[in-house]
2 protein chains.
Amino acid sequence: MPARHPSAKAPATATRGVRRAPSLPAPLAEADDLNRRGDIVRAAARLFREKGFEGTTVRDIAGAVGMQSGSPFYHFGSKVEMLVAVMEEGLRQGLETTRAVLARELPPRECLRALVEAHLRTIHGPGSDFIPVLLYDWRSLPEPEQRRIVAWRDRYDVAWQSALEALRADGLLAVEPKLARLFILGAINFTALWYRRGGALSLAEVAEAAVDLFVPQRAAAAR
Amino acid sequence: MPARHPSAKAPATATRGVRRAPSLPAPLAEADDLNRRGDIVRAAARLFREKGFEGTTVRDIAGAVGMQSGSPFYHFGSKVEMLVAVMEEGLRQGLETTRAVLARELPPRECLRALVEAHLRTIHGPGSDFIPVLLYDWRSLPEPEQRRIVAWRDRYDVAWQSALEALRADGLLAVEPKLARLFILGAINFTALWYRRGGALSLAEVAEAAVDLFVPQRAAAAR
DNA sequence: CCTACCGATCGGTAGG
DNA sequence: CCTACCGATCGGTAGG
């Protein structure tokens with residue numbers, strides 16, 4: 001039987017460093033393992049974004065972190081589990097920054113601008129390949145794993161929904177919040193295919209323009 | 001040397017049924033060949049959309065049209081050539097319908113509504129898998145082929161640009177036409193990930209809502 | 001367009 | 001986490 005990292009086959013949150021006797025400090029080996037796992041997830045995210053899930057081989061990922069071809073399977077039970085880890089990390093990051101924006105309790109239009117900019121940063125910021133993978137490799141995820149990710153994504157949508165409902169209540173949104181959310185997130189997600197950092201536009205400027213288009217300033221000023 | 005369809009390796013438009021002596025009628029075999037080629041392109045489009053270019057095998061495509069695994073290479077020099085054919089067909093269809101809308105010379109806001117609805121139909125209409133493949137398998141296209149497709153896509157963008165400039169000239173567009181085009185097309189393209197035919201909304205309703213969001217009716221009525 | 005096939009590569013595993 | 005490997009599958013081709 002091959003030696004296996006204890007969390008490789010189990011649902012990640014259930015066993016990762018938990019059932020251990022609480023009085024013992026987490027051994028260094030465990031921390032190192034988690035670092036290596038994180039290295040794999042980051043490398044996989046970059047490669048999946050660049051070449052797609054099906055176009056990336058486990059050997060590509062192993063090579064990117066200096067491992068031999070079979071070694072990633074010490075940390076993950078399958079290639080699909082690596083994809084799940086990438087998508088969950090993207091949603092975790094995105095949900096965290098989204099909730100941080102909402103916590104600032106900005107006026108509705110300013111809140112939308114901040115949400116749009118935050119979402120742009122989860123797509124174009126440094127080391128942010130996770131959400132693009134979620135968007136472009138969704139079809140490579142088998143159905144059971146899709147359900148797991150959808151549960152995460154729903155929480156992301158709820159956060160946006162609340163901001164859009166506030167805009168709508170102030171008469172600043174021309175269509176119902178659910179449709180508006182799909183259109184606005186779609187417009188932002190699509191920037192993955194055309195926006196390049198270091199070009200003529202900063203992310204803040206793109207966010208500003210998007211909000212100008214969706215919530216005309218005249219209507220906002222008139223309220 | 002294997003028997004090969006004459007157009008399999010050549011740039012498609014250069015040799016497809018052209019250099020033949022003009023007095024002879026096109027032989028039936030030629031017409032049949034083109035039908036079979038079209039069958040392959042349609043099947044490839046459907047499979048690429050469903051499973052991605054890298055996730056689809058040439059055997060899948062062959063099986064879908066009742067051929068043996070090596071037979072598609074009688075019509076195409078490589079798998080990438082099939083991808084190019086799918087994307088070109090999408091752009092050809094899209095450009096045709098877009099230009100037909102522009103030819104109606106509608107007032108700017110109505111023109112945008114018609115363009116949006118036409119684009120929605122090239123994504124969600126019957127047998128329209130070509131544009132989604134263009135959007136989601138772009139990265140699978142090698143650089144030389146990308147340049148060929150970009151030339152097509154530019155013409156598509158020019159058509160949209162003219163409609164948006166008319167809107168802008170009438171003061172109905174809050175941001176400059178180029179950015180507006182990217183945002184609007186992004187919002188529409190993203191419907192590929194959430195819109196389902198036979199659901200609560202018709203394509204015409206989705207188009208109406210999108211235009212309401214981008215070009216508020218109040219501003220349009222006030223002009 | 002079929003038959004028959006090839007070399008390369010893939011995800012994954014046994015054993016240490 | 002490495003070594004060594006396996007069975008399956010892949011895009012593509014020779015020859016007819």
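To find a chain, count down the sequence lines: A is the first, B the second, and so on, and within it residues start at 1. Keep in mind that this is a model prediction, so the values were computed, not measured. Because only heavy atoms are used, hydrogens play no part in the values below, and waters and symmetry mates are left out as well, while side chains stay in.
- With sequence neighbours left out, the ring pair (Phe, Tyr, Trp, His ring centres under 6.0 Å) criterion links A:F130 to no other residue.
- Look at CD1 on A:I61: it is 11 Å from C1' on C:dG11, rounded to the nearest Å.
- Taking atom CG of B:N35 as the reference point, atom C1' of C:dC1 lies 15 Å away to the nearest angstrom.
- The aromatic ring centroids of B:F190 and A:F190 lie 6.0 Å or more from each other.
- Side-chain N or O atoms of B:S71 include none that pairs as donor or acceptor with a backbone N or O of B:M67 at under 3.5 Å.
- Proximity of B:R59 to the phosphate of D:dT9: no side-chain N or O atom is located under 4.0 Å from OP1 or OP2.
- Within residues 133-141 of chain B, no residue places a heavy atom under 4.0 Å from DNA chain D.
- Rounded to whole Å, atom P of D:dA4 lies 21 Å from atom OH of A:Y74.
- The nearest pair of heavy atoms linking A:S140 to A:F53 is CB-CD2, 3.5 Å.
- Here the C1' atom of nucleotide D:dG11 and the CG atom of B:D60 are 12 Å apart, to the nearest Å.
- When atom types are taken as modelled, the side chain of A:R99 and the backbone of A:Y156 share no donor-acceptor pair closer than 3.5 angstrom.
- Distance CD (B:E54) to C1' (D:dT9): 14 Å, rounded to an integer number of Å.
- Considering A:R36, A:R59, A:E81, A:M82 as possible partners of A:P72, the one that fulfils the side-chain contact (heavy atoms from CB on, under 4.5 Å) test is A:M82.
- A:S71 comes within contact range of at least one nucleobase, with a heavy-atom separation under 4.0 Å.
- In DNA chain C, the stems built from three or more successive Watson-Crick or G-U pairs (distances below 3.5 Å) are C:1-16 with D:1-16.
- Between B:E54 and A:K51 there is no salt bridge, since none of the side-chain N atoms of the basic residue sits less than 4.0 Å from a carboxylate O of the acidic one.
- Relative to the side chain of B:R36, the nucleotides D:dG11, C:dC1, C:dG11 differ in distance, and C:dC1 lies closest.
- If you take CD1 of B:I40 and P of D:dG12, they are 13 Å apart, rounded to a whole angstrom.
- For the pair A:D60 and A:K79, the salt-bridge criterion is not met [side-chain N within less than 4.0 Å of a carboxylate O].
- When each of A:T57 and B:G66 is assigned the nucleotide of DNA chain C bearing its nearest heavy atom, the one mapping closer to the 5' terminus is B:G66.
- For B:Q68 and C:dT3, the shortest distance from a side-chain N or O to OP1 or OP2 is below 4.0 Å.
- Nucleotide C:dC2 holds its C1' atom 12 Å from the NE2 atom of B:H75, rounded to whole Å.
- Separating the CE atom of A:M67 from the C1' atom of C:dT13 is a distance of 17 Å, rounded to the nearest angstrom.
- A salt bridge links A:E89 with A:R92: at least one charged nitrogen is closer than 4.0 Å to a carboxylate oxygen.
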